[in-house]
Amino acid sequence: TMQLFMPLNFLGFVYREIRGAMANIHNLFEVLERAPKVQDSPQAKKLSATQGRIRFEGVSFHYQPERPILRDVSFTVEPGQKVAVVGASGAGKSTLVKLLFRLYNPTQGEVFIDDQKITACTQNSVREVLGIVPQDTVLFNDSLLENIRYGDPQADDDKVRAVVKLAALDTFIASLPDGIQTQVGERGLKLSGGEKQRVAIARALLKNPQILVFDEATSSLDSQSEQAILQALKQAARAHTSLVIAHRLSTITDADCILVLDGGVLVEQGTHTALLQRNGHYARLWHVQQNT
Ligand code: ATP
């Protein structure tokens, strides 16, 4: 039996490796759409990040030269902080995240992670320290267990169970007849938007990156799912620097810093209270959302 078992075990390993890699590719596709290839320079170094400090210094960017998207954006996120990026649709929020993932290089300025220019680092090493919880998570035709394990193909079942709890998925999973072995994806159980986002949070928790990016769903969830996600996110963010692309300002009032983008310009930054007192762009956005 040993002889039969070994190769199967090995195949299983290869299969998990490939699936793990696929999960990363899928996650990236969700952010990068039709991103052109950014080339690593021959001298590219491996980013060594231990803290998760993010710094944008005079960053400008355009997809087409005639249409500037980000203009001279500068800010710093200290390790462990929670930062929110807000602004109207098209203000450049996702573009800012794409630059952080080095899907594109800035046309001017520099992005630093732990004081290293990311343009001087290999893309792989940059993406290693970043995790993303996308708006719409791709689930594979496999069990929930394996879908969550994509975050770290080496993780054992106990580790997976621990993040399931942190991501507030345990009650949901307990309600399924096959529990964590339930088949999901196109050919299995379809999860709600909120449940899928919590699966993505569990994946991200397994990956345990220094920097966690959360792309809040545009469509409003019911308040119970919303609360579950916020709770899960709080857990996920504890040991990480987190950056939230926020659509509902009510979810980010506790952020250490809120970056307000308007037409690609960083027009304001500060805490919720400070920005309300300023009575400027953020305060206007806030009052509009309070009245809808
Ligand atoms: P939303 O809240 O609607 O997601 P956003 O603030 O995230 O908006 P971005 O997605 O960063 O905005 O887009 C900023 C601008 O850049 C938009 O006008 C958009 O049309 C443009 N844009 C985004 N991606 C591309 C691309 N790949 N090629 C050309 N233009 C793009």
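Starting from 1, each residue takes its place in the sequence as its number.
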Once you round to the nearest 0.5 Å, how far does [atom1] of [X] lie from [atom2] of [Y]?
{"X": "R55", "Y": "E57", "atom1": "CZ", "atom2": "CD", "value": "4.5 Å"}
{"X": "K98", "Y": "L70", "atom1": "NZ", "atom2": "CG", "value": "10.5 Å"}
{"X": "H240", "Y": "I211", "atom1": "NE2", "atom2": "CD1", "value": "10.5 Å"}
{"X": "I173", "Y": "I180", "atom1": "CD1", "atom2": "CD1", "value": "4.5 Å"}
{"X": "F101", "Y": "L130", "atom1": "CZ", "atom2": "CG", "value": "4.5 Å"}
{"X": "L176", "Y": "T171", "atom1": "CG", "atom2": "OG1", "value": "11.0 Å"}

Within the structure provided, determine whether [X] and [Y] are in side-chain contact (heavy-atom separation under 4.5 Å).
{"X": "L191", "Y": "V199", "value": "yes"}
{"X": "V184", "Y": "D142", "value": "no"}
{"X": "P209", "Y": "E128", "value": "no"}
{"X": "L243", "Y": "V97", "value": "yes"}
{"X": "K190", "Y": "K196", "value": "no"}
{"X": "T76", "Y": "Q81", "value": "no"}
{"X": "L261", "Y": "V85", "value": "yes"}
{"X": "I258", "Y": "V260", "value": "yes"}

Side chains of [X] and [Y]: is there a donor and an acceptor less than 3.5 Å apart?
{"X": "R284", "Y": "N279", "result": "no"}
{"X": "Q51", "Y": "D114", "result": "no"}
{"X": "T95", "Y": "Y63", "result": "yes"}
{"X": "E110", "Y": "T119", "result": "yes"}
{"X": "S250", "Y": "Q289", "result": "no"}
{"X": "R187", "Y": "Q183", "result": "no"}

Query raised in the report: Is it true that atom CD of Q108 has more than 12 heavy atoms of other residues, nucleotides or ligands lying nearer than 6.0 Å?
Result: no

Query raised in the report: Considering residues, nucleotides and ligands other than E186, do more than 12 of their heavy atoms fall under 6.0 Å from its CD?
Result: no

Requested in this report: Show your reasoning for whether side-chain contact (heavy atoms from CB on, under 4.5 Å) applies to L285 and L249.
Outcome: CA-CA 8 Å; L285 288 174; L249 303 183; 3.8 Å; yes

Closer than 3.5 angstrom, by distance alone: can the side chain of [X] be matched with the main-chain N or O of [Y] as a donor-acceptor pair?
{"X": "E195", "Y": "S192", "value": "yes"}
{"X": "E216", "Y": "V244", "value": "no"}
{"X": "D262", "Y": "A88", "value": "no"}
{"X": "D256", "Y": "K82", "value": "yes"}
{"X": "S60", "Y": "T107", "value": "no"}
{"X": "Q181", "Y": "L144", "value": "no"}
{"X": "R102", "Y": "V126", "value": "no"}
{"X": "S125", "Y": "K46", "value": "no"}
{"X": "K159", "Y": "D152", "value": "no"}
{"X": "Q123", "Y": "I118", "value": "no"}

Query - Audit row: V265, D72, side-chain contact (heavy atoms from CB on, under 4.5 Å) steps and yes/no - result: CA-CA 7 Å; V265 178; D72 198 17; over 6 Å; no

**Report entry** All ring pair (Phe, Tyr, Trp, His ring centres under 6.0 Å) counterparts of F112, not counting sequence neighbours
**Finding:** none

Heavy atoms only: give me the nearest [X]-[Y] pair and the separation to one decimal.
{"X": "A49", "Y": "I113", "answer": "CB-CG2, 4.2 Å"}
{"X": "R198", "Y": "A168", "answer": "NH1-O, 2.7 Å"}
{"X": "R203", "Y": "I148", "answer": "CG-O, 3.5 Å"}
{"X": "T253", "Y": "H272", "answer": "O-CB, 3.4 Å"}
{"X": "I245", "Y": "S94", "answer": "CD1-CA, 4.1 Å"}
{"X": "C121", "Y": "A44", "answer": "C-CB, 4.1 Å"}

Query - Parallel, tilted or perpendicular, as decided by the 30° and 60° cut-offs, for the rings of F75 and F56 - result: parallel

Query - Mutual orientation of the aromatic rings belonging to W286 and Y282 [parallel < 30°, tilted 30-60°, perpendicular > 60°] - result: parallel

Query - Working for side-chain contact (heavy atoms from CB on, under 4.5 Å), residues K207 and Y150 - result: CA-CA 8 Å; K207 183 177 174 186; Y150 290 142; over 6 Å; no

Query raised in the report: What's the verdict on side-chain contact (heavy atoms from CB on, under 4.5 Å) for L259 and V86, showing C-alpha distance, side-chain angles and the deciding distance?
Result: CA-CA 6 Å; L259 306 172; V86 307; over 6 Å; no

**Report entry** salt bridge (charged side-chain N to carboxylate O under 4.0 Å, His left out) between D157 and R149, intermediate numbers included
**Finding:** CA-CA 9 Å; D157 289 7; R149 217 200 302 265; 3.1 Å; yes

